[in-house]
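Scroll down for the structure; my scribbles are underneath it.
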2 protein chains.
Amino acid sequence: MGHKDADVCEIYYVNEAHVRNARQALSPEREILSLAETFRTLGDPTRVRILQALSVEELCVCDLSKLLGISESGTSHQLRVLRSQKLVRYRKEGKMAFYSLDDAHIDSLMNEALRHVREGADQARERAERIHERAGQ
Amino acid sequence: MGHKDADVCEIYYVNEAHVRNARQALSPEREILSLAETFRTLGDPTRVRILQALSVEELCVCDLSKLLGISESGTSHQLRVLRSQKLVRYRKEGKMAFYSLDDAHIDSLMNEALRHVREGADQARERAERIHERAGQ
DNA sequence: CTCTTTGCTGCACATCTGTTCATACGTTAA
DNA sequence: TTAACGTATGAACAGATGTGCAGCAAAGAG
């Protein structure tokens, strides 16, 4: 079960130095929490769909609900979560509430993540192709 | 409770068009799911700390465990999650396993998100905490 | 060989999440 | 005023999530 206090890992000063270096690289606690909460908010397929949809044009709860295929209540709940992280903002016009992306970073974030995801998919496809080549011989 | 089939929202052709436009903007389903899963993986304070630490230099499970203040088992669990999303990779040297960031997008992703957070998500976090407090009671 | 060390994994459990249903709020029209 | 509509909120529940514990495998030390 790992190790106790006076241990090999702690004796080597280089590792201690590594830990200290890494610790200095960490953002302040509240930034870490904010970061994680922002990512967690993005970490839901429904909310990803909402943000991709809003990257084109503003939409009302009603339209989003149809697009997503979930209830308007559920849509409203998700929009509140996105609002709480300042990922979307809304504009009221009469009874309607039109939602849009809150700031420009969000689109770049999504695109950067999309690039990462696609890179993984590409690597997987290349691996699969190599396997098929070998299998074909 | 919203509205039924033949409804105002559907009668105005513009809204129908909006829904169609937005739907076309959506990534394929598998990409949406991959995106969400990647973000969800990033959406945990412990894993954010791991990635920030690894952005400086590679570290072993032992060092990370000390840095994070959690058990080595827990650290290993989290690293497995990060590996499954190709966010970190590892190199074995004897008994030790040295982990590092897997690709360059990850650092940009984190920095972009950090910029968003610093722009004023602190107030948002407080609001979210209030919501969670109320939800927890 | 046996013992230690380092990391990985299955299991369990408390907590959290996303959704729907029912209901309340604010706006517009009659 | 009353009624209808678009949206927001509260309650509740199935399902998922993060972490520690115990056990195991691999590699080196003795």
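Here the structure is a predicted model, which means the values were calculated and not measured. Proteins get letters first, then strands, A, B, ... in listed order; numbering begins at 1 in each.
Evaluation of the side chain to side chain contact (heavy atoms under 4.5 Å, CB included) rule for A:Arg89 yields A:Ser100, A:Asp102 as partners, not counting sequence neighbours. Residues satisfying the side chain to side chain donor-acceptor pair (under 3.5 Å) criterion with B:Glu37, sequence neighbours excluded, are B:Gln85. The side chain to side chain donor-acceptor pair (under 3.5 Å) test applied to A:His77 returns no partner, not counting sequence neighbours. Residues passing the side chain to side chain donor-acceptor pair (under 3.5 Å) test with B:Asp103, sequence neighbours excluded: A:His116. Residues passing the side chain to side chain donor-acceptor pair (under 3.5 Å) test with B:Ser84: none are found, sequence neighbours excluded.
C:dG26 atom C1' lies 14 Å from atom CE of A:Met96, rounded to whole Å. Rounding to whole angstrom units, CD of residue A:Glu72 and P of D:dT9 are separated by 15 Å. Taking atom CG of A:Asp44 as the reference point, atom P of C:dC16 lies 18 Å away to the nearest angstrom. We find that CG of A:Leu82 is positioned 16 Å from P of D:dT7, with the value rounded to whole Å. For A:Lys95 and C:dT28, the NZ to C1' distance is 5 Å, given to the nearest whole Å. If you take CD of A:Gln78 and P of D:dT7, they are 16 Å apart, rounded to a whole angstrom. If you take CG of A:Leu79 and P of D:dG6, they are 16 Å apart, rounded to a whole angstrom. Computed from coordinates, the B:Lys92 NZ to D:dA25 P distance equals 14 Å when rounded to whole Å.
Within residues 45-53 of chain A, the residues that place at least one heavy atom under 4.0 Å from DNA chain C are, in residue-number order, A:Thr46, A:Arg47.
A salt bridge does not link B:Lys86 with A:Glu119: every distance from a Lys NZ or Arg NE/NH1/NH2 to an Asp or Glu carboxylate oxygen is 4.0 Å or more.
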Tell me which donor-acceptor pairs under 3.5 Å the side chains of residues 49-58 of chain A have, and how far apart each pair is, sequence neighbours excluded?
unit_1, atom_1, unit_2, atom_2, d
A:Arg49, NH2, B:Glu29, OE2, 2.7
A:Gln52, OE1, B:Ser27, N, 2.7
A:Gln52, OE1, B:Ser27, OG, 3.4
A:Gln52, NE2, B:Ser27, OG, 2.9
A:Ser55, OG, A:Gln52, O, 2.6
A:Glu58, OE1, A:Arg91, NE, 3.4
A:Glu58, OE2, A:Arg91, NH2, 2.4

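Taking for each of B:Phe98 and A:Gly69 the nucleotide of DNA chain C with the nearest heavy atom, the 5'-most of the two is the partner of B:Phe98.
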Could you list the protein-to-nucleotides 10-15 of chain C atom pairs, N/O on both sides, closer than 3.5 Å?
unit_1, atom_1, unit_2, atom_2, d
C:dG10, O6, B:His77, NE2, 2.8

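Under the ring pair (Phe, Tyr, Trp, His ring centres under 6.0 Å) criterion, no residue pair touches residues 50-76 of chain B, with sequence neighbours excluded.
Here the straight-line distance linking atom CD of A:Gln78 with atom CZ of A:Arg83 works out to 12.0 Å at 0.5 Å rounding.
Nucleic acid contact for A:Gly74: base, since at least one base atom lies under 4.0 Å from a heavy atom of the residue.
Remark: A:Tyr99 is in phosphate contact with D:dA8, judged by side-chain N or O atoms under 4.0 Å from OP1 or OP2.
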